[in-house]
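Remember, it's a predicted structure, so these values are computed and weren't measured experimentally. Every chain is numbered from 1, with letters handed out A, B, ... down the list of sequences.
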Amino acid sequence: MSGVKTHLFKQGAGQALADPSIQTSLRRLAHFRENRAAAIEEVGHERREELREQARQIKRHTLEHLDHYLETLAASVERAGGVVFFAKDAQEANDYVLSVARRRGVRTVIKGKSMVGEEIEVNHALEAGGVEPVETDLGEYIIQLAGETPYHIIAPAIHKSKEQVADLFVEKLHTPRQTEIPALAGVARQTLREKFYRADMGITGVNLAVAETGTVVLVTNEGNGRMCTSAPRVHLALMGMEKVVPRLEDLGVFLRLLPKSATGQRISSYVTFITGPRRDDEEDGPEEFHLVVLDNGRSRILADPAMREALYCLRCGACLNACPVYQKVGGHAYGWVYPGPIGAVVTPLLVGLPRAKDLPYASSLCGACREVCPVGINIPHMLLTLRHRLAEGQPEERKADRRERWLMRAWSLAVGRPWAFSLAGKLGWVLLRPLARRGKVRSAPPPLNAWTRSRDFPLLAWRPFRARWRGLPRKSS
Amino acid sequence: MSSREEFLQRVRQSLRYPTREHGGDLPATPIPPPPALKDWQREAELVRQRCAANREALLLKLEEMAAKMSWHVVRAGNPDGAARAVADLAAKLGATSVVVTQHPVFGRVAVDSTLRQRGIRVVPTVTGIEGAPSSREELRQATWQAGLGVTGVDYMIAETATAVMLPRRGVSRLASLAPPVHVAVVEPEQVVETLDDFLALRKAESLSGADPRGYLNLISGPSRTGDIEQTIVVGAHGPREVHLIAVW
């Protein structure tokens, strides 16, 4: 996990806030919000609630019996002629991917979009092993050329303007400069077509995997996922272990919820069901199919009853689009592959809470994430739980320093005693009065400047509300 | 212990698996028993009957949704009209070679001969028969270079205007993907109402012991991307245009 920069959240957030081009890009998230709202409107809120409840029940049941459904999935994939590998962590997964590539003499890998691929940094592993990985989702292709990580779960290059993409293509692909968006997409299409034709191996993610049939489902729009699973000799799919569902008929509810929440589509352009390698009577398609099932810390989330729901996540990105914090600080600030509200929950759980202390606080707790979540994950509550662990949890998880604890203890003493509360109010007024201009403190000396650096502090009133309340004339009812 | 066993063991421990050996309770929601073939055959039969009974309304619903999902819809009237519509489109596109999958529908809709009459090369998606590419490599090259891909469909889902193609001999994965334009020829009997109808039919098939392997695609409009500035561009890596030739 060399790419974990979760400890730099404040720095990253500050950079994004100060960058006008990123702020312009982030305002485009409004498209996602509007499209999603229209799609939900079309199905109706009642029906949406019904779907959401069904999805939650399926997820809950599957996770309660995850060992059973993973065993069933493996047996089904093997019955269909595929190979299944269970990877404890990123290292094991990457070693396996590389071993398959080596055995088949693979020189180029074409990749469909995979968040798990980003999580384990499979591209680095391939490059280190002398194999060229080529991202083929347009957004992923752009960030691969730029040497960056995804900015958004479903729109990896949302932070780039078309001018920036144009410059990048000129620099890296040496093609004539194009600035119209269709022309830029055309450049990528042309360049990647050659790669699709020649690549030896395709690597994709997995949106859903059906235990009873061994079917891996991909939900895509561009057609690159279909290319990666049709053109090369070998197809390898990477999945987080939570992506399994028990039965074929369970797909219906998820295939309805996922595209509506992600892009606001009724259904995505392509939904592909892959069961094993190609049949003997097919003229094209891979000769080998591999499925890598990844744990990489997920069993810790499974073992944590307060957090298990985080494994319901479909990776649709709706919570990012709805989050007032993500809308301003963007994706890179979160410091790892999963940004936004779900990232603020999942990242500390996967990389360790002490490494990601700021993330649970990157939320106003407004609840918009939970509202838009297609599986109703109670993200605000989980963030509060993580904050509680940071304040009161095991010593290695604790974030609060002695000063903060002392302050909190003083606060609890004061609010428990009316005379102390009243005295503290007066004292506050006396101390703040000299610093205030027009009723607001704009900059205070340390340690209070931690507050005033990013917001004003209103001057306390000499005569508090409860005193004024007593003096108000009462209407008799 | 194998890495798989270790993996599953870790999952079990995370669940604090309430096995009897450990003196625990049984899990909260029991694992349902394996599905019965006959129930799903009955379910599939009900789907077929319902769709047959509402055929007219379903076709209208499909046409309306197809337009919304950016399919170009041609109501061809009859099989000859459908073959003509495909050939007209190929001519309009200036396609010199057209890849056509092997599907029962083309026994009724004579796409091959109509295209050949107009001097357009037809590439069937099989190898080793007369008039077909001699090797898989040759077929692959021809598919990649074709100006148009013509396929049948196995199901058409009306609620989302989704064409479903099942795997079998002569149904190429690339024919509906690599050429810049894709034409799907649809017959009324193939139209079902909802995604769940399709899943029920598929479930019955999967339980009946057919070859479990296979690659099937649900196609709902052209290839598209919104990855640059959230601006939708069609024809990202797949077809920029998709046509639905309705044989009714």
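- Residue A:R308 touches chain B through its side chain alone, counting heavy-atom pairs closer than 4.5 Å.
- Heavy-atom distances place the side chain of B:P35, and not its backbone, under 4.5 Å from chain A.
- Residue contact with chain B, scored on non-hydrogen atoms closer than 4.5 Å, involves the side chain of A:I142 exclusively.
- Using a 4.5 Å cut-off between heavy atoms, A:D280 contacts chain B through both its backbone and its side chain.
- Heavy-atom pairs under 4.5 Å with chain A were tallied for B:G221, B:G214, B:P212; the largest tally goes to B:G214.
- With a 4.5 angstrom heavy-atom cutoff, A:Y69 touches chain B only via side-chain atoms.
- When heavy atoms are compared at a cutoff of 4.5 Å, B:S176 approaches chain A by way of both its backbone and its side chain.
- Side-chain polar atoms of B:E159 and B:T194 form no donor-acceptor pair below 3.5 angstrom.
- Your options are A:I154, A:D304, A:T24, A:V293, and the one with the most heavy-atom pairs under 4.5 Å with chain B is A:V293.
- In this structure, a donor-acceptor pair under 3.5 Å is present between the side chains of B:H182 and B:T151.
- At a 4.5 Å heavy-atom cutoff, B:R240 makes no contact with chain A through either its backbone or its side chain.
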Exercise for review: For salt bridge (Lys or Arg N to Asp or Glu O under 4.0 Å), just list the numbers for A:D295 and A:R298, CA-CA rounded to whole Å, side-chain angles, deciding distance to a tenth of an Å, and then say yes or no.
Suggested key: CA-CA 5 Å; A:D295 183 329; A:R298 286 164 174 77; over 6 Å; no
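- Remark: side-chain polar atoms of B:S223 are paired, donor with acceptor, to backbone N or O of B:A236 under 3.5 angstrom.
- Because its NZ or CZ atom is not both nearer than 6.0 Å to the ring centre of A:Y141 and within 45° of the ring axis, A:K195 does not count as a cation-pi partner of that residue.
- By number of non-hydrogen pairs under 4.5 angstrom with chain B, the leading residue of A:F289, A:Y270, A:F85 is A:Y270.
- Of the two parts of A:I143, neither the backbone nor the side chain holds a non-hydrogen atom closer than 4.5 Å to a non-hydrogen atom of chain B.
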Point to revise | A:Y197/B:Q141 under side chain to side chain contact (heavy atoms under 4.5 Å, CB included): CA gap, chis, key distance, verdict | key: CA-CA 9 Å; A:Y197 192 77; B:Q141 232 171 49; 3.1 Å; yes
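- Contacts of A:L248 with chain B are made by both backbone and side-chain atoms, with heavy-atom separations under 4.5 Å.
- Only the backbone of A:K160 comes within contact range of chain B, with at least one heavy atom under 4.5 Å from a heavy atom of that chain.
- Using a 3.5 Å distance cut-off with no hydrogens or angles, the side chains of B:R10 and B:Q13 do not pair a donor with an acceptor.
- Counting only N and O atoms by type, the side chains of B:Q102 and B:T125 include no donor and acceptor under 3.5 Å apart.
- With hydrogens and angles ignored, the 3.5 Å screen pairs a side-chain donor or acceptor of A:S269 with a backbone N or O of B:P222.
- Only the side chain of A:E212 comes within less than 4.5 Å of a heavy atom in chain B; its backbone stays farther off.
- Within the 4.5 angstrom heavy-atom criterion, no atom of A:I301 approaches chain B.
- Under a 3.5 Å cut-off, the side chain of A:K260 and the backbone N or O of A:R256 do form a donor-acceptor pair.
- The candidate with the highest count of non-hydrogen atom pairs below 4.5 Å against chain B, out of A:S230, A:G139, A:S268, A:G223, is A:S230.
- With hydrogens and angles left out, the side-chain atoms of A:N321 and A:H152 include a donor and acceptor closer than 3.5 Å.
- A:T275 and A:T215 share a donor-acceptor pair across their side chains, judged by distance under 3.5 Å alone.
- Checked by atom type, the side-chain pair B:Y215/A:T272 shows no donor-acceptor distance below 3.5 Å.
- Looking at A:P259, there are no atoms closer than 4.5 Å to chain B (heavy atoms on both sides), in backbone or side chain.
- Of the listed residues B:M165, B:R169, B:R168, B:R136, the one with more heavy-atom pairs under 4.5 angstrom with chain A than any other is B:R136.
- Of the listed residues (A:R266, A:R226, A:R189), the one with the most heavy-atom contacts under 4.5 Å to chain B is A:R226.
- When each of B:T231, B:V171, B:V234, B:T127 is checked for heavy-atom pairs under 4.5 Å with chain A, B:T127 comes out on top.
- In this structure, the portion of B:M65 lying under 4.5 Å from any heavy atom of chain A is its side chain and not its backbone.
- Of all the listed residues (A:A157, A:S299, A:G252, A:G81), the one sharing the greatest number of non-hydrogen pairs under 4.5 Å with chain B is A:S299.
- There is no contact between A:V216 and chain B, counting heavy-atom distances below 4.5 Å.
- Proximity to chain B is absent for every atom of A:V77, based on heavy atoms less than 4.5 angstrom apart.
- Neither the backbone nor the side chain of B:A200 comes within less than 4.5 Å of any heavy atom of chain A.
- What you find for B:S208 and B:E205 is that their closest heavy atoms are OG-O, 2.7 Å.
- Heavy atoms closer than 4.5 Å to chain B are found in the backbone of A:A87, but not in its side chain.
- If you measure heavy-atom distances from B:S206 to chain A, the contacts under 4.5 Å come from the side chain alone.
- Using a 3.5 Å distance cut-off with no hydrogens or angles, the side chains of B:S220 and B:T162 do pair a donor with an acceptor.
- With a threshold of 4.5 angstrom between heavy atoms, B:L139 approaches chain A through side-chain atoms but not through N, CA, C or O.
- When side chains are defined from C-beta on, A:L66 counts as touching A:L302, because their heavy atoms get closer than 4.5 Å.
- Without hydrogens or angle criteria, A:H159 side chain to A:S21 main chain gives no donor-acceptor distance under 3.5 Å.
- When each of A:R79, A:E92, A:M241 is checked for heavy-atom pairs under 4.5 Å with chain B, A:M241 comes out on top.
- For A:Q265, the part sitting under 4.5 Å from any heavy atom of chain B is the side chain, from C-beta outward, and nothing else.
- Of all the listed residues (B:L207, B:V233, B:N217), the one sharing the greatest number of non-hydrogen pairs under 4.5 Å with chain A is B:N217.
- In this structure, B:R48 pairs ionically with B:E45, as a charged nitrogen and a carboxylate oxygen lie closer than 4.0 Å.
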